[in-house]
There are 2 protein chains.
Amino acid sequence: MELSNRQQRMYDFIRSFTEENQYPPTIREIGEAAEISSTSVVNYNLNKLVEAGLIERNKEVSRGIRLQDAMARILPGRNIPILGHIAAGQPITVFPESVEAADTLDLAVDVVSRHEGVYALRVQGDSMIDALVDSGDLVILNAQNTANNGDMVAAWLPEREETTLKYFFREGNSVRLQPANASYEPIVLPASQVEIHGKVIAIVRRLD
Amino acid sequence: MELSNRQQRMYDFIRSFTEENQYPPTIREIGEAAEISSTSVVNYNLNKLVEAGLIERNKEVSRGIRLQDAMARILPGRNIPILGHIAAGQPITVFPESVEAADTLDLAVDVVSRHEGVYALRVQGDSMIDALVDSGDLVILNAQNTANNGDMVAAWLPEREETTLKYFFREGNSVRLQPANASYEPIVLPASQVEIHGKVIAIVRRLD
DNA sequence: ATTTGACTAGAACACTCGTTCGTGTTACAA
DNA sequence: TTGTAACACGAACGAGTGTTCTAGTCAAAT
């Protein structure tokens with residue numbers, strides 16, 4: 001579809017206005033900028049821009065215009081829910097998903113873009129201290145139910161109703177959950193008694 | 001300034017709503033989300049958020065709310081340049097700012113919003129290993145030329161033309177730069193020979 | 001006990017804004 | 001010419017929306 005002169009002018013204005021003001025213009029603001037006296041004309045051409053796939057409109061909503069391709073550029077990272085804490089020392093009985101997301105961590109597209117179902121947990125305890133994961137750190141996890149040997153994972157132990165952060169090792173029909181702290185013993189269980197809930201893909205520690 | 005529970009809730013909603021819809025919410029939409037029946041209360045707390053510097057408002061304009069750090073979203077702010085590496089072991093002679101930003105780390109407003117001039121450095125060496133900062137980690141720094149005792153800082157040593165990552169301690173007219181590794185000795189220099197270039201506010205480690 | 005300040009409520013007002021409708025204009029084909 | 005389709009115009013309607021006013025609650029200070 002080809003854009004008329006007017007439509008091009010309107011589209012350009014919407015772009016620059018949105019970039020400048022952080023919110024889209026109204027129909028009348030567009031009309032003024034494009035020297036169109038009638039709001040219905042703006043409305044008409046706005047629908048043409050929708051047909052052309054350049055914008056989206058939310059009906060009956062003021063400034064309900066969304067630039068279609070600018071989304072990826074302006075829309076940044078994702079809000080990763082911090083679901084709760086995870087045990088790195090003595091396992092705790094609170095399962096992360098039962099905790100309401102109280103806080104959010106805004107993380108980067110670069111870090112999480114390739115993953116689906118990313119979430120974060122705050123570490124409690126020092127069982128992974130030798131892996132340089134301290135109590136209080138945030139671990140960013142990719143939700144998945146399998147893991148490779150050596151992955152740092154969040155494992156759910158149904159028998160104990162515990163979630164714990166450990167290194168994962170498959171040994172025949174068993175699974176060894178290995179802490180990174182000499183003072184803790186590895187947990188060895190039949191594979192059927194271990195559910196992998198996520199693999200750690202990043203660690204974030206705030207100092208301030 | 002401290003945010004009340006309500007104000008925090010409103011702010012969070014404005015953030016998520018704006019991210020999702022590409023335009024800011026109305027007063028009533030905010031009220032509904034924060035369970036506030038009165039628009040005047042929303043208006044009142046909105047002004048508090050302005051005072052707190054979290055948002056800007058355009059008066060008499062629908063949806064005239066601008067997230068203050070939104071600029072950081074479109075412009076570089078949110079894209080933290082990874083300027084280069086920083087020595088945590090043997091100091092290296094490459095000064096971070098002379099290195100072209102080759103990669104970027106997309107970090108969160110939550111983590112960096114309150115800071116100006118945030119940048120990241122990739123750690124080389126193991127001198128801060130006892131502080132759980134490993135070689136290869138990214139340290140997120142706030143650009144500043146002063147520091148408090150105990151802060152982890154990036155220090156530029158003009159005499160040696162070195163930048164190094166250490167704990168900062170002021171001792172009279174001297175400055176002690178303390179590694180977190182028993183195998184390394186602290187560096188003690190006259191304060192005039194130490195330039196603080198930034199304080200570490202976060203640490204990010206990617207595992208994948 | 002009184003006052004002050006911070007905060008909340010509800011209602012009313014006036015302007016904003018998307019929508020719709022009737023009408024006009026122009027270009028092009030039959 | 002006639003008809004049709006695309007496009008434009010202006011006005012009016014009604015819901016959306018920011019603002020303002022009065023009043024109330026509560027805790028801390030006087």
**Student:** Can you tell me the distance, in whole Å, between the CD1 atom of I27(A) and the P atom of dT20(C)?
**Tutor:**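 It works out to 10 Å between those atoms.
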**Student:** Between E60(B) and T39(B), who's closer to the 5' end of DNA chain C by nearest nucleotide?
**Tutor:**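 Looking at the nearest nucleotide for each, T39(B) comes out on the 5' side.
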**Student:** Going by atom types alone, do R170(B) and N148(B) pair a side-chain donor with an acceptor below 3.5 Å?
**Tutor:**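 Short answer, no.
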**Student:** Expressed in angstrom and rounded to an integer, what is the separation of L46(B) atom CG from dG18(D) atom C1'?
**Tutor:**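 About 10 Å, once rounded to whole Å.
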**Student:** Please determine whether any donor N or O and acceptor N or O are separated by less than 3.5 Å between the side chain of T26(B) and the base of dG16(D).
**Tutor:**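 Side chain to base: no pair below 3.5 Å.
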**Student:** Relative to the 5' end of DNA chain C, which residue comes earlier, Y44(B) or N58(A), by the nucleotide with the nearest heavy atom?
**Tutor:**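 Mapping each residue to its closest nucleotide by heavy atoms, the 5'-most match is Y44(B).
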**Student:** Would one find a side-chain N or O of K48(A) under 4.0 angstrom from OP1 or OP2 of dC7(D)?
**Tutor:**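 For K48(A), the contact criterion (side-chain N or O under 4.0 Å from OP1 or OP2 of dC7(D)) is met.
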**Student:** Whether the side chain of R28(A) and the base of dG18(C) hold a donor-acceptor pair under 3.5 Å is what I'd like checked.
**Tutor:**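 Checked by distance alone, the answer is yes.
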**Student:** Please tell me which of the listed nucleotides, dT8(C), dG18(C), dG10(C), lies nearest to the side chain of S38(B)?
**Tutor:**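 Closest nucleotide to the S38(B) side chain: dG10(C).
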**Student:** Which nucleotide in the list dC9(D), dG18(C), dA9(C) gets nearest to the side chain of R57(A)?
**Tutor:**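 Among dC9(D), dG18(C), dA9(C), the one nearest the side chain of R57(A) is dG18(C).
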**Student:** May I ask you to verify if any side-chain N or O of S62(B) is less than 4.0 angstrom from the OP1 or OP2 atom of dT16(C)?
**Tutor:**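 No, because none of the side-chain N or O atoms of S62(B) sits under 4.0 Å from OP1 or OP2 of dT16(C).
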**Student:** Does the side chain of R6(A) get closer than 4.0 angstrom to OP1 or OP2 of dC7(D) through an N or O atom?
**Tutor:**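 No, outside the criterion.
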**Student:** Would you mind classifying the nucleic acid contact of N43(B) as base, sugar-phosphate or nothing, using non-hydrogen atoms under 4.0 angstrom?
**Tutor:**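 The residue N43(B) makes base contact.
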**Student:** For the pair made of CG in N5(A) and P in dA8(D), what is the distance, rounded to whole Å?
**Tutor:**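 In whole Å, dA8(D) P and N5(A) CG are 10 Å from each other.
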**Student:** State, to 0.1 Å, how close E35(A) and R6(A) come at their nearest heavy-atom pair, and which atoms those are.
**Tutor:**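 Minimum heavy-atom separation between E35(A) and R6(A): O-NH2, 4.1 Å.
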**Student:** Atom CD1 of I36(B) and atom P of dG24(D): how far apart are they, to the nearest Å?
**Tutor:**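 Rounded to the whole Å, the gap is 21 Å.
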**Student:** Rounded to the Å, how far apart are R63(B) CZ and dC17(C) P?
**Tutor:**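 Nearest whole value for this atom pair: 10 Å.
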**Student:** Answer with yes or no whether the side chains of N149(B) and R176(B) bring together a donor and an acceptor at under 3.5 Å.
**Tutor:**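 Note: R176(B) and N149(B) side chains miss the donor-acceptor criterion.
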**Student:** Taking the cut-offs as 6.0 angstrom to the six-membered ring centre and 45 degrees off its axis, would you call R63(A) and Y23(B) a cation-pi pair?
**Tutor:**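 Geometry flag: not set, cation outside 6.0 Å or 45°.
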**Student:** What is the distance from CZ of R9(A) to P of dA8(D), rounded to the nearest Å?
**Tutor:**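 In whole Å, dA8(D) P and R9(A) CZ are 12 Å from each other.
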**Student:** Any donor-acceptor pair, under 3.5 Å, between the side chain of S40(B) and the base of dT19(D), if you only look at N and O atoms?
**Tutor:**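 A donor-acceptor contact between them is absent.
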**Student:** Test side-chain hydrogen bond (donor to acceptor under 3.5 Å, both in side chains) on R57(B) and N43(B); report intermediate values, then the result.
**Tutor:** CA-CA 11 Å; R57(B) 292 188 74 186; N43(B) 189 54; 2.8 Å; yes
**Student:** Round to the nearest Å and state the distance from N45(B) atom CG to dG18(D) atom P.
**Tutor:**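 It works out to 15 Å between those atoms.
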**Student:** In whole angstrom, give the distance that lies between atom CG of L49(A) and atom P of dC7(D).
**Tutor:**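 It is 12 Å, rounded to the nearest whole Å.
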